[in-house]
Each structure stands twice: as structure tokens, then as C-alpha cells.
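Structure first, then comments.
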Amino acid sequence: MQLIECPWCGPREEVEFSYGGQAHVPYPDTPGELTDEEWARYVFFRDNTRGRFAERWHHSAGCRRWFNAIRDTATYRFERVYRLDEPRPVTP
Amino acid sequence: MTSPFRTAEGGRIDRATTLEFTFDGQTHTGHPGDTLASALLAAGRHQIATSIALGRPRGVAAAWAEDPGGLVQVEEPFPEPMLLATTVELSDGLVAHGLPGQGRLAEVADSARYDGVHHHVDVLVVGAGPAGLAAALTAARSGARVALVDEQSEAGGSLLGGADRLDDAPAMRWVAAAVAELAAHPEVLHLQRTTAFGSYDDGFVLALERRTDHLGTAAPKQVSRQRVWRLRARSVVVATGAHERPVVFADNDRPGTMLAGAARTFLHRYGVLPGRQAVVFTTNDSAYDAALDLHGAGVRVEAVVDARPAGSPQRREACERAGIPVLPGAVVVGTRGVERVTHALVAPFADGEVGAASPIACDLLLVSGGWNPAVHLFSQARGRLVYDETLGAFLPGEELDGLSVTGAAAGVLDLAGCLVDGQRVARAALSALAVEPAGEDRLPTAPEEVVPAAPLVLWRVPDTSGAEGTTSFVDLQRDATVADIARAVGAGLRSIEHIKRYTTIGTAHDQGKTSGVLTSGITAELLGVPVQDTGTTTFRPPYTPVAFAALAGRDRGRLFDPERVTALHDWHVVAGAVFEDVGQWKRPRYYPRPGEDMAAAVLRECAAARTGVGILDGSTLGKIDVQGPDAAVLLDRLYTNMISSLKVGSVRYGVMCGVDGMVIDDGTVLRLAEDRFLLLTTTGGAAKILDWMEEWAQTEWPDLRVHCTSVTEQWVTFPVVGPRSRDVIGAVFPQVDVSNEAFPFMTWRDTILDGVPVRLARISFSGELAFEVYVNPWYGVAVWERLLEAGRPHGITPYGTETMHVLRAEKGYPIIGQDTDGTVTPHDLGMAWAVSKKKPDFIGKRSFARPANQDPLRKQLVGLLPVDGQTVLPEGSQIVDFLADGRLPPPPVPMLGHVTSSYRSAELARPFALALVKGGRSRIGDTLHVPVDGALVPVEVTGSVLVDPEGARRDG
């Protein structure tokens with residue numbers, strides 16, 4: 001069982017967290033102005049990256065705060081975590 | 001029975017105490033410190049069982065968990081199958097018998113307790129042999145927090161089964177001093193009889209402690225039998241030793257055939273001679289120790305058969321001094337005997353060619369093909385293994401963060417080397433943790449060892465018996481042979497994973513501890529590829545079998561999942577309620593009177609609510625308090641309808657959708673103040689909807705000043721339902737004007753009852769005049785009883801969830817998750833009225849305009865009335881249509897939808913159902929068919945509201 005670093009609580013067991021899918025997929029400003037395809041891309045389409053992936057995580061059985069993480073989907077390693085108000089870190 | 005093979009002295013057994021046990025119906029004796037295997041060997045018994053497929057006699061072939069032969073079923077003190085005689089510690093009154101590969105689970109419940117403990121350390125050392133003890137001492141001396149776990153009954157590892165010396169004294173004296181020193185460190189946890197069976201991410205290791213198994217019938221009941229340790233270590237040191245590897249030859253499975261090191265362990269640790277007349281077959285120097293030690297204990301060693309052309313020049317002299325013949329350049333090609341080996345067939349061996357064999361009489365055949373480092377925990381943690389040509393084994397091939405391997409597990413096979421390596425690895429681990437090692441950290445002095453002659457890697461001896469490998473056993477437990485591997489390779493299999501599954505090698509209780517590397521080696525030979533390319537099968541937890549009971553620990557029965565009960569629970573129990581599980585809640589389903597079944601009780605309860613007054617414990621309803629200046633803004637964005645226009649004191653029904661426009665929850669919203677709302681969600685949806693609201697508030701709209709919190713358990717909720725409900729509420733709360741004008745539908749009022757604040761709301765989930773009563777749970781029973789008292793003249797009837805469901809279904813009110821399945825929009829439910837056209841956006845709005853959501857053939861919620869007026873359609877039933885000719889379409893018959901809710905209605909005096917049907921609203925009035933028990937039941941499609949469609953009853 002992995003340890004996940006909550007930006008607010010520090011390292012905690014992975015069972016305390018829930019996964020929130022790809023990060024940096026903002027809710028569109030004006031959904032009504034999007035074409036069906038543009039809207040469908042927001043609702044249904046997500047990247048399926050092998051390697052470093054920016055994801056949303058929720059410390060659901062802890063402080064209940066959401067945060068973002070860069071995680072390697074091939075190794076499961078969390079490379080870093082960052083708060084929602086921080087920009088996506090530049091990764092090599 | 002006597003123990004003729006017990007030595008006169010020595011061994012780590014308590015000879016002053018005698019234990020009696022029964023094996024296969026025969027009574028034997030042994031001593032504390034014995035295992036079942038050592039006690040049987042002391043009695044002269046080698047055969048334990050017969051093999052699973054071929055029925056061949058099998059015996060003890062190793063001294064611990066790697067034994068592929070000695071499988072037993074324990075009957076007393078508690079029935080447990082598939083244990084190894086070599087790992088069952090002897091206890092008084094033990095009853096066991098041999099198992100031909102398959103056991104029998106206990107037919108009675110296990111009365112023992114099991115539990116689990118979490119423990120966090122700086123350094124976890126697995127294995128208390130020389131390397132592990134050295135590592136643990138170094139870590140402990142630094143002041144670090146240390147755990148040392150070891151699977152044996154006492155510390156010492158390989159030293160338990162040898163005659164080594166340290167600091168010019170028996171090595172076990174150093175072990176005792178080390179254990180005492182560790183015990184004196186307050187931050188050290190030292191556990192014996194504890195097997196680290198799984199190694200996971202970030203230093204997480206699972207270990208099973210056998211706390212009372214060895215006490216047998218004397219085990220104290222209040223102590224847990226086994227305990228799972230969930231260890232989290234900043235650094236893990238794996239010092240798990242090595243397993244001796246056999247060499248495969250024809251008829252290598254006869255009882256009396258044993259690993260050389262195991263024989264040494266039985267001698268030194270248990271004071272047992274595994275035979276009187278031995279042949280030792282080896283490819284390396286380590287087996288010479290067994291030959292010499294057994295000789296010293298009085299065993300006649302007929303020959304050391306060494307496959308190496310020159311044997312061991314270093315060790316030969318000692319054998320000759322002892323009068324033990326050494327046969328270099330020779331192998332054992334086969335054996336004779338049935339229930340016990342009687343002869344080893346020995347032949348010259350050069351350049352892979354075997355000469356003519358001659359028999360040597362023996363009752364013990366010791367085998368050593370080298371050592372396989374126990375790399376299981378390293379490999380489970382995804383460490384890469386590399387094949388070592390010299391050892392003929394796989395070694396850790398990389399450094400892992402936070403996990404290091406030392407001693408024999410890392411391929412260090414000499415005592416002095418293990419001590420130095422253990423200390424080195426511990427120091428490196430401490431350094432990585434920025435912990436200073438102690439200044440005083442002395443290692444004991446091991447005597448100079450003779451540099452061993454290079455071992456020979458020999459997987460198998462060519463089969464000259466004519467059996468063509470069919471009696472050359474690779475995995476004894478699976479009866480899998482060299483011929484089986486050859487057949488797999490012949491069938492075109494190349495991957496070792498496929499060969500494992502084709503032959504079943506390595507899938508038995510021992511998980512290939514002796515057979516795994518042999519299979520890699522033999523497969524590589526047959527394929528003509530390097531062993532590194534063949535590799536090993538994946539090492540997976542658990543290292544040794546773990547009982548499910550231990551993994552479950554205390555989390556069984558009522559503790560498996562939390563049970564939530566309302567403040568009224570005891571009242572419900574006394575009232576004879578039949579409960580159902582709703583999520584984690586225990587809810588009364590109905591309250592049967594004497595002689596009533598569920599159907600009768602529910603008809604009675606429904607009639608009371610529709611014609612008099614009923615009362616429900618609705619406390620499990622999800623309640624979310626939403627506060628903040630932007631509370632209304634958040635709710636407008638999450639609900640499909642407008643919430644911000646709701647007046648303080650009023651209530652509105654609302655629907656929430658996902659971004660895909662599908663309904664995820666519904667409920668009512670009470671506006672408590674300009675900046676405060678109370679949301680009522682479904683019982684099952686409460687946690688999910690709080691998560692949903694927080695997700696949007698945190699991730700998308702952090703600028704909104706709003707907070708949400710669950711208050712489900714802060715209020716009990718009692719709907720008082722029916723035409724007489726106004727009389728009851730008016731009587732209990734005289735300060736409230738309950739007239740329809742003063743207290744209209746979909747409003748709430750606060751009041752005080754004997755100093756206790758109470759909230760009343762005109763909300764109806766039944767279509768009847770109804771009041772919901774909210775109060776602090778401490779006063780729940782008191783208020784409930786006052787309501788019952790006031791309702792008695794009106795025949796107030798408590799009802800359960802079944803009646804609640806019937807009443808709401810009669811009104812076409814859907815249960816989200818029962819009448820919907822995540823593909824249903826508000827429009828599909830006939831709730832277009834709950835979807836705001838004014839709001840520019842809300843979650844789900846844009847999806848309503850998608851073509852798929854505009855399809856007139858979408859499934860829509862409708863009512864169904866079975867035409868026979870009798871059949872209660874099973875929920876989940878399919879709905880089909882006939883062709884114009886009145887017959888079913890040819891298969892596959894198109895499915896129009898399914899029944900989502902189905903009940904018997906007191907009000908309608910007939911059964912009815914709700915269903916999702918393709919283009920359902922356009923089919924109202926049509927007759928469709930529902931297959932029930934092989935017959936097609938005609939049903940009339942109706943609107944979803946079957947009782948009081950005008951809504952005339954809600955105001956009483």
C-alpha cells in the first residue's frame with residue numbers, strides 16, 4: 001500500500017484517498033456556446049497517458065481537501081503533489 | 001512409542017518435558033521445541049503422506065516452509081488443513097494425519113480470535129539469522145526505532161541448525177546475547193514466530209505472528225491466535241536467508257530423500273538422526289558439513305557423491321580422516337525402495353555423460369544442489385532479479401529505495417560474510433535516514449573458514465532408468481516432472497509463466513520454493529537459452545499460506561462493516577420490526593402483527609397512512625447544512641431548478657445531475673436563512689452528494705464563500721403521514737398553527753416543545769397530508785412517543801421502508817438508483833418541470849441538448865398495471881412488445897425496458913409497477929408483455945402517478 005503525500009496532512013495511506021481523474025480539465029466558461037463535439041470532449045474524453053500524468057486526488061478519509069499530483073502511471077510513483085491554486089509543475 | 005532416532009543429548013528441545021501426540025492414529029512422543037516433523041523422524045517415520053496425482057509415498061524433504069513433501073491435516077486442537085509437518089510446532093494432545101495434497105476445512109466455526117496491529121518503524125529487519133541480527137543490532141544501537149521479525153520459534157536462523165562458533169563459543173550464545181541486548185532497547189520490537197509474507201510499496205510489509213498455535217490445547221482463549229502486523233518502515237532490511245536446492249534425478253521423491261542442510265538442522269536443532277546409513281549427493285561444499293556432522297553423531301555415511309570432476313579438494317581430507325568415502329565425478333542417478341529409500345544408485349559422471357550405476361544401501365539420501373537466496377520480499381517489491389552463473393540462482397539485481405537485501409538472501413553464504421554484510425547494510429540504511437550509527441558496534445569474531453571449492457550448477461541428472469523423466473520430480477507437491485517440462489516445451493511454450501501454468505509447477509502450498517529455480521534451469525536447458533533469459537515466475541505474496549481468518553482479524557461478523565442505527569432503534573426492536581439494510585443503516589422494513597406476513601403488514605400500514613395516520617422513522621435521510629454568503633449560488637449551479645428564489649421558511653424539491661445530464665440525486669431543500677440551507681438527500685446518496693458538492697466548491701469554484709457539512713446524525717426525522725396527521729401534529733405542538741393557510745405545503749416552521757427546539761416541515765413523500773418532525777436525537781424517543789400518544793385516538797400506525805416505497809411508488813416518485821440507473825435524465829422521469837429554463841447554466845444543462853438526450857425513444861418512467869390484476873411483476877423483469885399479429889418477434893426479442901419498482905397496492909387493490917420503457921410516455925394505454933416464470937404477463941402502460949394524480953390530498 002502506497003503512501004500518498006497530502007499537501008495539507010503529509011504522507012498518509014493510500015486507502016484514505018480517492019481518485020479524481022485528469023487534472024486541469026476546467027469546467028467550460030460558457031457550456032451553452034460549445035458545439036456538441038466540444039462539450040462531449042469535456043464530458044467524456046480524457047487522456048490515457050503512460051508515464052507522468054497530472055491528476056486530481058481527494059483526501060476523502062482525511063482532511064477532505066482536493067489536490068493535484070503528478071504521478072507516473074507506469075510505476076505508480078507520485079512525483080509531486082501541489083495545491084489546486086498552484087500551476088501545473090513543469091516536468092521533464 | 002519410543003523415539004529410537006533421538007540423539008542422547010543436544011538439540012534445542014526440552015527433554016525434561018514429554019509431549020504426547022497422535023499421527024495417523026498412532027501415538028508418539030516428543031518434546032517442547034520439536035516440530036511435528038522432527039518428532040516423527042525421531043520415531044523413525046519418514047513417510048507423511050502419498051502424492052496428489054500418482055499416490056507415491058512422500059516424506060519430510062526439508063526442515064521448514066520449503067518442504068514440498070510433508071503436508072498434514074491437523075484435527076486437534078482445531079481442524080486446519082494443508083499445514084507442513086515441518087512448521088507445526090509440537091504441542092501436547094496434537095492430532096494430525098498426512099494429506100495427499102488436499103485437505104478439509106473445519107466444519108465448525110473457529111472460536112479463536114485473530115487481530116491486527118499497525119506499527120511504524122525506522123528500520124524493519126526481516127530474519128533473525130546472523131545477517132539479520134547484525135543488522136538489527138546496528139540499527140538498535142543507533143537509537144533508531146527497529147522491528148525484527150523472524151518466522152522461527154527462536155532467533156538464530158541458520159545458526160539453529162549448525163555447529164558454528166562465534167567469539168570462541170557456540171554461536172547460539174552470541175544469539176542469546178544479541179536477543180537480550182535488543183530486548184533492552186526500548187524502541188525495538190522483536191517478534192519470533194512471525195513471517196513477513198508480503199512486501200509492498202513504500203516500506204509496507206505484512207507479517208503474520210503465530211501467537212498461540214504452539215501452545216495447542218493450552219492456548220489461552222483471551223489471547224489472539226494469530227495477528228497480522230501491518231508494518232510501515234522507512235527502511236526494510238531483508239535477511240531471509242536461502243533455501244537449499246535439490247538436484248533432480250529418477251525416483252528422487254522416495255521418503256528418506258532430504259536436503260542435506262535439513263538433515264543437519266534435524267540433528268543440531270532437534271536432536272534427531274534422520275537415518276542410520278546415509279549417502280550424500282552434492283554439487284557444492286556445504287553438504288560436506290552435513291556428512292561430517294551426521295558421521296560425528298553416529299550415522300554411517302556410506303559415501304559423499306560429488307558431481308564435480310575434482311570434488312572438493314578442501315573438504316575431502318576431513319572426510320577421509322573420518323573414514324567417509326568421497327566419490328568425485330559421480331552422481332546419484334536413481335533410488336530403490338518403496339516407503340523408504342533403500343539404495344542410492346550411483347554412477348560416474350563426466351561431461352554430462354552418466355556411466356554404469358551401482359547401488360549403495362542407505363536409509364537416508366541427502367541432496368544438495370546449491371542455494372537459492374530467498375529473494376521473495378525483494379521481488380514482491382518489484383526488485384529486478386539477475387541470474388548468477390556461479391551460484392546457479394537469482395540474486396537481487398538492483399538497489400531499491402528503502403529496501404535492501406543482506407546475508408544469504410543476497411548470495412553471501414559464509415557466516416563471517418553475513419555478519420559483516422548485515423552490519424554494512426544496516427549502516428547504509430541508517431545513513432539514508434540521516435541516523436548516526438553508534439560508536440560501539442562490534443561484530444563477533446567468526447573462525448577462519450576454508451575457502452570453498454567452486455560449486456557446480458547441476459539441475460538434473462540424465463535419466464538412465466528408462467522412465468524418460470517421468471519419475472524425475474521437479475515439484476513433488478504437484479507430481480510434476482522433467483517429462484512434464486519437456487512436454488510443455490514440446491508444445492511450444494517458451495515463457496516460464498506459461499510453463500508454470502501448463503505443468504502447475506510452483507502452484508502448490510510451497511509456491512515453488514524448491515522447484516522454481518529448477519524449472520527455470522531445466523527449461524533453459526531444454527530451450528538452449530541462458531537461464532537469465534528464461535527468468536523466474538513472478539513472486540507474489542503471501543510467502544507462506546495465510547489463513548483468511550487472520551487477514552480478516554476482528555473485521556468479521558458484526559464488525560465487518562459499521563452498523564448505523566437511529567435513535568429509535570431500540571424502540572423498533574421492541575416493536576418487533578423486521579429490519580433491512582439500507583447502506584450501512586438498519587431500517588425497519590415493516591412491523592408485523594401476530595400472524596401477519598410482509599404483504600399483509602404492508603397493506604395494513606399503507607391503508608393507515610392513506611386513510612388515517614402513519615408514522616415513519618426517516619432519520620436516515622441524508623442531511624447537509626450549506627452555509628455562506630454564496631450558498632444559494634452554489635445550489636443554483638448544482639440543482640437543475642432555481643434555488644436562489646426560494647424564500648426563507650419554504651421548501652423546494654430539487655434534482656441534481658452529473659455533467660452528462662443524468663440524475664444523480666433528488667431531495668428537498670429548506671431555506672433556513674438568506675445564507676443557509678438544509679439539503680435532504682436520499683439515505684444512500686448522502687455521503688456521495690456531500691462529496692459532489694465539495695468537489696465542485698473546491699476544484700471549480702473556490703471563490704464561492706460556502707461550506708457544506710453533514711448533519712445527518714444531528715437530526716432525527718419522523719414523517720407523520722395521512723389525513724389525520726394535522727390532528728396529531730396540532731395536539732403535540734399547540735404553539736403551531738397547523739392550518740393549511742398558516743402552514744402551507746412546502747414550508748417549514750420552528751417551534752419549542754418543553755424547551756426543546758423542534759422543526760416541522762410540510763413535505764410529503766406519499767402524496768398525503770404530511771408533516772416531517774425534526775428534533776435532536778437525544779429527544780427522539782420522547783418526541784416519537786408523544787406523537788404516538790397523540791395519534792392513538794386516530795389509530796396512528798408506525799410503518800417501515802416497504803410501506804414508504806409503496807406509497808411513493810403509487811405517486812410515481814422515483815428512488816434514484818432504483819428507478820434510475822445513471823442513464824436517466826429528469827425529462828425521462830417526467831420531471832421537465834424541475835429543470836430551470838431561466839438559469840443560464842447548471843451542471844448537466846448543456847447535455848440535455850445533446851441529440852442522444854433528445855431521442856423520443858429514450859427510456860421513460862411509466863406505470864404498469866398487470867392486466868390480470870394479480871401478478872406482482874418481479875423487479876428487474878424485461879418488457880417486450882408483440883408484433884401486429886399478436887406474436888412475439890423472432891429472437892433475439894427486442895427489450896423495451898425493465899420493471900424498476902413493483903408492489904401490491906392497498907389503495908388500488910391490485911399490484912402495480914414502475915418501469916423504464918423505450919418511448920414510454922407515447923405508449924400509455926398500450927398493452928405490453930412481461931415474461932414471468934416462463935409465461936408472458938400482459939401489462940397496461942399508464943402514467944407514472946397512479947394514486948391521486950390531481951394532488952388533491954396533500955393539503956388534507
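Keep in mind that this is a model prediction, so the values were computed, not measured.
Side-chain contact between A/M1 and B/D201 is absent, with no heavy atoms from C-beta onward closer than 4.5 Å. A 4.5 Å side-chain heavy-atom check between A/L3 and B/F204 finds every atom pair outside the cut-off. Looking at heavy atoms from C-beta onward, B/D841 lies in side-chain contact with A/Y27 at the 4.5 angstrom threshold. The shortest side-chain heavy-atom distance between B/E694 and A/R65 does not fall under the 4.5 Å cut-off.
Inspection of non-hydrogen atoms places B/R846, B/S847, B/A849, B/R850, B/P851 of residues 844-851 of chain B under 4.5 Å from chain A. Chain B is approached within less than 4.5 Å, heavy atom to heavy atom, by A/E13, A/V25 from residues 8-25 of chain A, ordered by number.
Using a 4.5 Å cut-off between heavy atoms, B/I843 touches chain A through backbone and side chain atoms alike. Contact of A/W39 with chain B is made through the side chain alone, with heavy-atom distances under 4.5 Å. Contact of A/Y76 with chain B is made through the side chain alone, with heavy-atom distances under 4.5 Å. With a threshold of 4.5 angstrom between heavy atoms, A/R64 approaches chain B through its backbone and through its side chain. Heavy-atom distances place the side chain of B/R382, and not its backbone, under 4.5 Å from chain A.
One finds the CD atom of B/Q698 at 11.5 Å from the CG atom of A/D85 (value rounded to the nearest 0.5 Å).
At most 12 heavy atoms of other shown residues, nucleotides or ligands fall within 6.0 angstrom of atom CG in A/N48. Atom CZ of B/R554 has 12 or fewer neighbouring heavy atoms from other residues, nucleotides or ligands inside a 6.0 Å radius. Environment of CG in B/D401: sparse, with no more than 12 heavy atoms of neighbouring residues, nucleotides or ligands closer than 6.0 Å. Counting non-hydrogen atoms of neighbouring residues, nucleotides and ligands closer than 6.0 angstrom, the NE2 atom of B/H120 exceeds 12 such neighbours. Within a 6.0 Å radius of CD in B/E398, more than 12 heavy atoms belonging to other residues, nucleotides or ligands are found. Around the CD atom of B/Q854, the shell of radius 6.0 Å holds more than 12 heavy atoms that belong to other residues, nucleotides or ligands. In this structure, A/D29 places its CG atom where only 12 or fewer heavy-atom neighbours from other residues, nucleotides or ligands lie under 6.0 Å away. Heavy-atom contacts from other residues, nucleotides or ligands closer than 6.0 Å to CZ of B/F548 number 12 or fewer.
Checked against side chain to side chain contact (heavy atoms under 4.5 Å, CB included), B/D555 has no partners two or more places apart in sequence or in another chain. Every residue meeting the side chain to side chain contact (heavy atoms under 4.5 Å, CB included) condition with B/S379, not counting sequence neighbours, appears here in chain and number order: B/L385, B/F539.
Taking the charged nitrogens against the carboxylate oxygens, A/R77 and B/D202 do have a contact shorter than 4.0 Å, which makes a salt bridge.
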